[in-house]
2 protein chains.
Amino acid sequence: MRYEAAVGKLRGCGYKATPQRLAVLSAILAGRHQGLEEIRARCPEVGMVTVYRTLDLFTGLGLVRRLDLGHGPRYELAEDHHHHLVCEDCGSIKEFERCPVDLRSLPRVGGDFEVRAHSLEVYGRCSDCR
Amino acid sequence: MRYEAAVGKLRGCGYKATPQRLAVLSAILAGRHQGLEEIRARCPEVGMVTVYRTLDLFTGLGLVRRLDLGHGPRYELAEDHHHHLVCEDCGSIKEFERCPVDLRSLPRVGGDFEVRAHSLEVYGRCSDCR
DNA sequence: GCTCTAATTGAAAGATTTTTTCATCTGCAA
DNA sequence: TTGCAGATGAAAAAATCTTTCAATTAGAGC
């Protein structure tokens with residue numbers, strides 16, 4: 001129940017669960033790594049300003065992850081760790097779960113860096129474009 | 001001689017080595033992962049439109065890499081493979097060379113994806129912010 | 001339930017960023 | 001040199017994002 005958990009976190013942090021916020025949350029849940037336009041289209045009753053503010057809020061709470069895969073920001077629910085395969089030709093995006101990053105081999109750059117998260121995007125050509 | 005190599009590639013692809021393009025190239029070479037403002041400040045004699053167009057051109061040629069580390073696009077010369085440590089508090093960016101990604105363990109998602117490149121960003125808190 | 005209040009919303013205006021247009025200019029091949 | 005396809009840039013337009021502020025509302029407390 002991803003929806004309930006997200007609402008719970010929202011409330012738990014002292015924020016009101018307004019219809020607008022729930023609508024944006026549902027919009028995000030209804031797709032994967034969507035751009036602003038897509039999200040807005042799924043909740044046209046919510047004002048633009050509120051969508052921006054809500055995405056900022058969700059991102060700040062760690063509820064939502066903001067992706068930069070080119071062509072503007074995209075958003076997805078921040079739950080399971082996964083990465084993206086981005087096709088440089090058609091722009092399609094696929095996900096994969098198996099994380100090929102070995103964080104233990106991270107060098108210590110200029111002292112101690114506290115690692116909190118990482119993002120990996122793999123670029124190339126998808127099977128359809130070949 | 002990163003500069004010469006880049007100019008060679010530019011010419012080799014049939015593009016003119018105009019003073020503006022060389023100025024933008026020098027600007028990129030003068031720093032690391034710079035934003036548009038920084039680059040523009042280093043070549044104020046070049047018109048804004050041309051900077052945009054030139055960065056697009058360089059990126060398309062694979063001469064320059066466009067980074068999305070939050071807070072707008074950044075650009076750097078696409079030469080040696082490296083990744084970034086981004087401090088979520090102060091926004092500082094450090095680089096590291098040792099690549100902790102094992103591409104062999106990439107799963108085949110929906111058939112054959114031809115991997116051309118990948119980008120890894122590690123987020124957290126830098127030593128200064130702790 | 002009902003009331004009250006601080007949090008939230010959204011229309012409009014403003015700021016910023018990026019793109020398009022098109023007349024003019026220029027790098028460079030011949 | 002010369003010619004011209006490619007390149008530039010000022011201005012305008014378009015797209016994107018933020019601020020403002022009056023009106024609304026979720027939800028705590030009674």
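Atom CG of A:L36 and atom C1' of D:dA15 are 12 Å apart (whole Å). Separating the NE2 atom of A:H71 from the P atom of D:dT16 is a distance of 13 Å, rounded to the nearest angstrom. The distance between atom CD of B:E37 and atom P of C:dT18, rounded to the nearest whole Å, is 10 Å. Spacing between atom CD of B:E45 and atom C1' of D:dG9 amounts to 13 Å, rounded to whole angstrom units. Between the OH atom of A:Y15 and the C1' atom of D:dG27 there is a distance of 16 Å, given to the nearest Å. Across the protein-nucleic acid pair, B:R40 atom CZ and D:dT8 atom C1' stand 14 Å apart, rounded to whole Å. Summarising the geometry, the separation between OH on A:Y52 and P on C:dT16 is reported as 16 Å, rounded to the nearest angstrom. In this structure, the CG atom of A:D56 is 17 Å from the C1' atom of C:dA7, given to the nearest Å.
Heavy-atom neighbours of A:R42 CZ from other residues, nucleotides or ligands within 6.0 Å: above the threshold of 12.
Within the 4.0 Å cut-off from OP1 or OP2 of D:dA7, not a single side-chain nitrogen or oxygen of B:Q20 is found.
Over its length, the helix from C:dG1-D:dC30 to C:dA30-D:dT1 turns its helix axis by 40°, as judged from the five terminal pairs at each end, rounded to 10°.
Rounding to the nearest 0.5 Å gives a distance of 11.0 Å between SG of B:C126 and CD of B:E88. Rounded to the nearest 0.5 Å, atoms NE2 (B:H82) and NE2 (B:H33) are 6.5 Å apart.
Evaluation of atom-type donor-acceptor distances gives no pair under 3.5 Å for the side chain of B:R21 against the base of C:dG27. No hydrogens or angles were tested; on distance alone, nothing pairs the side chain of A:R11 with the base of D:dG27 as donor and acceptor under 3.5 Å.
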- request: Please assess B:L55 against B:I28 for the test side chain to side chain contact (heavy atoms under 4.5 Å, CB included), listing each intermediate value before the final yes or no.
  value: CA-CA 10 Å; B:L55 289 174; B:I28 294 172; 3.6 Å; yes
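For A:M48 and A:T18, each mapped to the nucleotide of DNA chain D holding its nearest heavy atom, the one lying further toward the 5' end belongs to A:M48. DNA chain C is contacted by both A:V49 and B:A17; A:V49 maps to the nucleotide lying nearer its 5′ end (nearest heavy atom per residue).
Between A:H118 and A:H83, the ring-plane angle classifies as tilted under the 30° and 60° cut-offs.
Under the 4.5 Å side-chain heavy-atom criterion for grouping Ile, Leu, Val, Met, Phe, Trp and Tyr, B:L77 is not connected to B:L67 through any hydrophobic cluster.
The side-chain heavy atoms of B:Q20 and B:R53, taken from C-beta on, include no pair separated by under 4.5 Å.
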